[in-house]
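Here's the structure we're looking at; comments come further down.
Count residues from 1 along the sequence. Below, each value reflects all heavy atoms present in this structure, side chains not excepted, and no hydrogens, waters or symmetry copies.
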Amino acid sequence: GVPDESIIGNTVQVKFLDINEEEGKLVISQRRALMENQNTDLNRGEVVSGTITGLRQYGAFLELDGGVAGLLHISQISYDRIDNLESLFKIGQRCKVMILEHDKSNGRVALSTKTLEPSPGDILKDMQSVFDNAEETAKKYHERMDAERQAREAAAKDIVAGLGGNVGESGGDALGTVADSIESILASIVSDAPEGENAEANAGSE
């Protein structure tokens, strides 16, 4: 949250980020110190619980169980559009989130709830149900990602195998074959987002 006079007189651990001797200024970070002293390992894709500690236009800050702070960016809350965070979350509210990234060296944890939505927009319709079924939904999400990854790898192997044969048989069409293969590889790449978001992304690119 936003610091106020209640913190005056408290002793905290901090990490030096910048020292300007000429101007007599120090830039310090309590968050970095907390992160470096944490023994908690947060794995990408893990579902954890936390408490909302602050709301901004760009997202919500959470303190995860164990004391690590993280950011739930507004783009990672739901596949549906979010207009007002204060109408969705309250300070002190308990939530379940998925770890997207844990950058311990920079003291940053990126979180997501949209990956826990069984269907796009569920976090807006029935948030508690999303949290109640978070682990099950996350398991299905990881299974889908693994299946798509394996499909991409298999498609790439097939294309490479086919490319080798075609180039050997027709040297004149080698460049055309390579171009076609590249297009096929690009087409085979499947986004991690559900179909609804893919459609929106495609529409935006057009």
Side-chain angles (χ1 to χ4, degrees), residues 1-117 120-135 137-138 141-142 192-193 197:
V2 179
D4 55 37
E5 293 185 357
S6 66
I7 69 171
I8 295 177
N10 291 339
T11 300
V12 297
Q13 289 187 327
V14 297
K15 180 179 178 63
F16 290 104
L17 300 184
D18 186 41
I19 300 175
N20 189 326
E21 295 184 5
E22 294 181 357
E23 298 182 10
K25 294 182 179 180
L26 301 175
V27 179
I28 57 179
S29 171
Q30 181 191 23
R31 182 183 68 176
R32 289 284 293 273
L34 288 172
M35 292 296 294
E36 292 190 3
N37 290 332
Q38 281 291 334
N39 294 321
T40 304
D41 289 327
L42 299 174
N43 300 315
R44 186 177 183 182
E46 181 181 1
V47 176
V48 296
S49 297
T51 303
I52 301 287
T53 58
L55 297 173
R56 300 289 187 275
Q57 290 184 343
Y58 53 84
F61 288 96
L62 283 81
E63 181 178 333
L64 306 181
D65 293 353
V68 177
L71 173 63
L72 176 60
H73 193 271
I74 191 169
S75 65
Q76 287 295 329
I77 294 175
S78 175
Y79 286 109
D80 276 2
R81 179 182 175 86
I82 305 294
D83 294 319
N84 185 3
L85 283 182
E86 292 185 353
S87 66
L88 187 63
F89 296 120
K90 305 296 180 187
I91 302 297
Q93 178 179 344
R94 296 284 294 169
C95 300
K96 284 187 178 181
V97 292
M98 179 183 289
I99 304 295
L100 289 185
E101 182 181 1
H102 181 198
D103 185 353
K104 193 170 184 178
S105 61
N106 291 314
R108 297 175 181 173
V109 180
L111 310 171
S112 175
T113 54
K114 77 178 186 180
T115 53
L116 303 178
E117 291 184 319
D122 280 355
I123 199 76
L124 306 178
K125 302 170 187 175
D126 192 346
M127 183 182 299
Q128 189 56 51
S129 177
V130 172
F131 294 156
D132 290 343
N133 298 287
E135 287 79 8
T137 306
Y141 173 84
H142 293 312
D192 289 351
E197 188 174 77

How would you list, by chain and number, every residue that makes a side chain to side chain donor-acceptor pair (under 3.5 Å) with E21, sequence neighbours excluded? none

Between L72 and I77, is any pair of side-chain heavy atoms under 4.5 Å apart? yes

Applying side chain to side chain contact (heavy atoms under 4.5 Å, CB included) to L64 and L111, what does each step give before you reach the verdict? CA-CA 10 Å; L64 306 181; L111 310 171; 4.0 Å; yes

For the backbone of G45 and the side chain of H142, can you confirm whether one donor and one acceptor N or O come within less than 3.5 Å of each other? yes

Is any side-chain heavy atom of M127 closer than 4.5 Å to a side-chain heavy atom of K96? no

Just jot down the side chain to side chain donor-acceptor pair (under 3.5 Å) partners of N20, sequence neighbours excluded, or say none. none

Which atom of S29 lies closest to which atom of L17, heavy atoms considered: CB-CD1, 3.6 Å

Could you tell me whether a side-chain N or O of R44 sits under 3.5 Å from a main-chain N or O of E101, the two making a donor and an acceptor? no

Does the E46 side chain pair with the main chain of N43, one donor and one acceptor, at a distance under 3.5 Å? yes

Would you call F16 and L26 a side-chain contact if the rule is heavy atoms closer than 4.5 Å? yes

List the atom of R56, the atom of L85, and the distance in Å for their closest heavy-atom pair. O-CD1, 2.9 Å

Could you go through Q76 and L100, starting from their C-alpha distance and side-chain angles, then the distance that decides it, and tell me whether this counts as side chain to side chain contact (heavy atoms under 4.5 Å, CB included)? CA-CA 9 Å; Q76 287 295 329; L100 289 185; 3.4 Å; yes

Would you say the side chain of D18 lies within less than 4.5 Å of the side chain of I28, judging by non-hydrogen atoms? no

Of all residues at least two apart in sequence or in a different chain, which pass the side chain to side chain donor-acceptor pair (under 3.5 Å) check with T137? none

Report yes if the side chains of L42 and V68 come closer than 4.5 Å at any heavy-atom pair, otherwise no. yes

Would a 4.5 Å heavy-atom cut-off, applied to side chains only, mark F61 and L55 as touching? no

At what distance, to the nearest 0.5 angstrom, does CD1 of I123 lie from CD of E117? 6.0 Å

Listed partners of T113 passing side chain to side chain donor-acceptor pair (under 3.5 Å), at least two apart: none

Show which side-chain atoms of residues 86-93 pair as donor or acceptor with protein atoms under 3.5 Å away, not counting sequence neighbours.
from: S87; atom 1: OG; to: N84; atom 2: O; distance (Å): 2.7
from: K90; atom 1: NZ; to: E86; atom 2: O; distance (Å): 3.1
from: Q93; atom 1: OE1; to: K90; atom 2: N; distance (Å): 2.9

Approximate separation, where rounding is to 0.5 Å, of S112 OG and M98 CE: 7.0 Å

D80 and S78 side chains, donor-acceptor separation under 3.5 Å: no

Pairing residues for D83 by the salt bridge (charged side-chain N to carboxylate O under 4.0 Å, His left out) criterion, not counting sequence neighbours: R81

Counting C-beta onward and ignoring hydrogens, is there a side-chain heavy-atom pair between L62 and T53 closer than 4.5 Å? no

Would you call D122 and K114 a salt bridge, taking side-chain N to carboxylate O under 4.0 Å as the test? no

Distance (rounded to the nearest 0.5 Å) between R94 CZ and F131 CZ: 10.5 Å

